[in-house]
Amino acid sequence: MVTASAPAKVYLFGEHAVVYGEPAVPCAIERRAQVTVEEREEGVRVNLQDLTIDGFTVEYDSSDDDRPDVDVSDSLVDAGMGYVNEAIEQAREAAGAPEAGFDITVEGDIPLGAGLGSSAAVAVAAIRAATAELGVELDAREVAARAYQVEHAVQQGEASRADTFCSAMGGAVRVEGDDCRTIDGVDNLPLVVGYDGGAGDTGALVAGVRDVKDRYDFAADTVTAIGDLVRQGERALVEGDVEEVGRLMNFNHGLLSALGVSSRSLDSMVWAARDADALGAKLTGAGGGGCIVALDESEDALTALSYTPGCEDAFRAELDTEGVRIE
Ligand SMILES: Nc1ncnc2c1ncn2[C@@H]1O[C@H](COP(=O)(O)OP(=O)(O)OP(=O)(O)O)[C@@H](O)[C@H]1O
Ligand SMILES: C[C@@](O)(CCO)CC(=O)[O-]
Ligand SMILES: [Mg+2]
C-alpha cells in the first residue's frame with residue numbers, strides 16, 4: 001500500500017490565458033490531496049472521501065455498472081471518477097501493467113472546484129502512488145507530464161500544464177505552452193485566501209473564455225494583455241518587489257473579470273481585501289466562484305475577509321516548496 005500527496009496552488013498571474021500559450025505563474029500552497037493505492041486482483045474500487053456529506057464515503061467498483069448510492073450529484077461523482085480513472089490509465093501505461101487492479105482512497109483538505117487546483121493535486125498524487133505501488137518510481141516531471149494528460153482528457157482537450165506542473169514540483173513555477181520551469185528564490189509570500197464556499201466548472205469556464213475570445217477581438221487582446229502582465233509580474237516576483245506583484249495581481253483580476261470569469265462573491269472578497277490595504281487581490285483558478293488570493297503582510301485582509309458576507313472561509317496560505325511526495 002502506498003500513499004502519495006500533492007499540494008494545491010494559487011495563481012499569482014495568468015490563469016485562462018495560459019490555455020492559449022501565454023505564460024502563467026502559479027505557486028503551490030500548504031494544502032494537500034492524499035491518494036492511497038493498494039494493488040488488487042482485478043477491477044478498481046475507488047473511495048472518494050471528500051465527495052460526500054459528513055462521514056459518508058463513495059465506494060464505486062468500476063468493474064460493475066453500479067452507481068454509488070450517495071447524496072451527491074451524478075455529475076460530481078462522474079467528474080471525480082474521471083480524474084481517478086484517467087490517472088489509473090496513466091499509471092498502468094507507465095508501469096506496462098494494463099490490467100492492474102487497485103483499491104484507491106482519495107482525501108484531502110483542498111476545497112473542490114474552487115480554484116486551488118484540487119483536480120491537479122488528485123491526478124498528480126494518484127499517478128505517483130499507483131506507479132509506486134506497481135514498483136515504478138516516476139520523478140516529479142514525469143508525474144507532471146502524465147497528470148497533464150489526465151486534465152487534458154477530463155477538461156475535453158482544453159487544459160494547460162500549469163496546475164499539474166505546479167502541484168508536482170511545488171514552489172512557484174512558470175508555464176508557457178510546453179515550457180515548464182520552476183522559479184527559484186521565491187519564499188514567504190504573504191498569501192491570504194478567501195473562499196466563498198462555491199465552485200466553478202473549469203471545463204465550462206474555459207469554454208466560455210474560448211467563445212468570447214473567438215467572437216471579439218478585444219477579448220483576444222485581453223488574453224494577450226494578460227500574457228504581457230505575467231511577464232512583468234514574474235520579473236517583480238524574482239526581484240522581490242511584492243508591491244509591484246500586488247499591483248499586477250489587481251490588474252490581472254480586472255482582465256479576468258473582463259473575460260467573464262469573476263462573480264459577485266469573488267469581486268466582493270477581492271474588494272474586501274483591497275479595502276483592508278492588501279497589496280493586491282485577484283480570483284484564482286478557473287473562477288465562477290471559489291477562491292480569491294490576496295497579498296497582505298498584516299492580518300487586516302484576513303480579518304476583513306472573515307467579516308465579508310459571502311466569504312465562508314479565510315486562511316493564510318504558506319507557500320509549499322515541496323511538490324508530490326510519498327507519505
Ligand atoms: N478529494 C477529491 N476527491 C475526489 N475528486 C476530487 C477531489 N478533489 C478534486 N476532485 C475532482 O476534481 C474536480 C474539481 O476540479 P476542477 O478543475 O473543476 O476544480 P479545481 O481543480 O479545484 O480548481 P481549478 O481547476 O480552478 O484550480 C472535482 O469536481 C472532482 O471531480
Ligand atoms: C483556467 C485554467 O487556466 C486554470 C484552472 O486552475 C485552466 C488550465 O490552465 O487548464
Ligand atoms: Mg482543476
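In each ligand, atom 1 is the first atom listed, and ligand 1 is the first ligand listed.
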Could you tell me the residue and atom name of the protein heavy atom closest to [atom], and the distance to it rounded to 0.1 Å?
atom: atom 4 (C) of ligand 2; answer: Tyr11 OH, 3.6 Å
atom: atom 1 (N) of ligand 1; answer: Asp50 OD2, 3.0 Å
atom: atom 31 (O) of ligand 1; answer: Gly80 N, 2.9 Å
atom: atom 3 (N) of ligand 1; answer: Val106 CG1, 3.4 Å
atom: atom 29 (O) of ligand 1; answer: Leu76 CD1, 3.5 Å
atom: atom 2 (C) of ligand 2; answer: His16 N, 4.0 Å

So for ligand 1, is [X] a polar contact partner (N or O within less than 3.5 Å, distance only)?
X: Ala286; result: yes
X: Gly113; result: yes
X: Gly287; result: no
X: Ser118; result: yes
X: Thr202; result: yes
X: Ser119; result: yes

Of Leu205, Val122, Leu283, Val154, which has the heavy atom at the shortest distance from atom 8 (N) of ligand 1?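 Residue with the shortest heavy-atom distance to the ligand atom: Val122.
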Return the option from Pro111, Ala199, Gly115 holding the heavy atom at the smallest distance from atom 24 (P) of ligand 1.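 Among Pro111, Ala199, Gly115, the closest heavy atom to atom 24 (P) of ligand 1 belongs to Gly115.
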Which of the atoms of ligand 1 are close to [X], meaning less than 4.0 Å from one of its heavy atoms?
X: Leu48; value: 4 (C)
X: Tyr83; value: 11 (C), 12 (O), 13 (C), 15 (O), 17 (O), 31 (O)
X: Gly117; value: 20 (P), 21 (O), 22 (O), 23 (O), 24 (P), 27 (O)
X: Lys9; value: 27 (O)
X: Asp163; value: 25 (O), 27 (O)

Looking only at side chains, do [X] and [Y] share a donor and an acceptor under 3.5 Å apart?
X: Gln34; Y: Thr3; value: no
X: Tyr11; Y: Asn252; value: no
X: Thr131; Y: Glu137; value: no

Heavy atoms of other groups near [X] [atom1], more than 12 under 6.0 Å:
X: Arg181; atom1: CZ; value: no
X: Phe251; atom1: CZ; value: no
X: Gln156; atom1: CD; value: no
X: Asp217; atom1: CG; value: no

Are Arg174 and Phe13 in a cation-pi contact, defined as NZ or CZ under 6.0 Å from the six-membered ring centre and within 45° of the axis?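 Checked: cation-pi criterion not met.
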Just to be sure I read this right, does ligand 2 sit under 4.0 Å from the backbone of [X], its side chain, both, or neither, counting only heavy atoms?
X: Lys9; answer: side chain
X: Ser160; answer: both
X: Val19; answer: side chain

contact_flag Glu151 ligand 2 heavy-atom lt 4.0 Å: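 False for this residue.
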Side-chain heavy atoms of [X] within contact of [Y], under 4.5 Å:
X: Glu30; Y: Glu322; value: no
X: Val122; Y: Val124; value: no
X: Cys27; Y: Leu191; value: yes
X: Asn47; Y: Ile104; value: no

Distance in Å, [X] [atom1] paired with [Y] [atom2], rounded so as to fall on 0.5 Å steps:
X: Ile29; Y: Cys291; atom1: CD1; atom2: SG; result: 7.5 Å
X: Ile183; Y: Glu234; atom1: CD1; atom2: CD; result: 4.5 Å
X: Arg210; Y: His16; atom1: CZ; atom2: NE2; result: 12.5 Å

Do any N or O atoms from the side chain of Glu133 and from the backbone of Glu39 form a donor-acceptor pair under 3.5 angstrom?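 Yes, because the side chain of Glu133 sits within donor-acceptor range (under 3.5 Å) of the backbone of Glu39.
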Under a 4.0 angstrom heavy-atom cut-off, which atoms of ligand 2 come close to [X]?
X: Gln155; value: 10 (O)
X: Ala159; value: 10 (O)
X: Gly285; value: 6 (O)
X: Val18; value: 3 (O), 9 (O)

Is the Mg ion (ligand 3) less than 2.8 Å from at least one N/O/S atom of Ser119?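 An N, O or S atom of Ser119 is closer than 2.8 Å to the Mg ion (ligand 3), so yes.
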Distance-only N or O hit between ligand 2 and Glu15, under 3.5 Å: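 Between Glu15 and ligand 2 (N or O atoms, distance only) the closest approach is not under 3.5 Å.
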Taking both backbone and side-chain atoms of Asp163, is any N or O found less than 3.5 Å from an N or O belonging to ligand 2?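 The answer is yes, given that Asp163 and ligand 2 share an N or O pair closer than 3.5 Å.
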Check the pair Glu318, Arg31 against salt bridge (Lys or Arg N to Asp or Glu O under 4.0 Å), reporting the backbone distance first and the verdict last. CA-CA 9 Å; Glu318 298 295 326; Arg31 288 207 166 206; over 6 Å; no
Could you give me the CA-CA distance, side-chain angles and deciding distance for Ser5 and Glu327, then say whether side chain to side chain donor-acceptor pair (under 3.5 Å) is met? CA-CA 7 Å; Ser5 75; Glu327 294 291 333; 2.5 Å; yes
Tell me the contacting part of Ala114 for ligand 1: side chain, backbone, both, or neither, using a 4.0 Å heavy-atom threshold, strictly below.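 Backbone only; the side chain of Ala114 stays clear of ligand 1.
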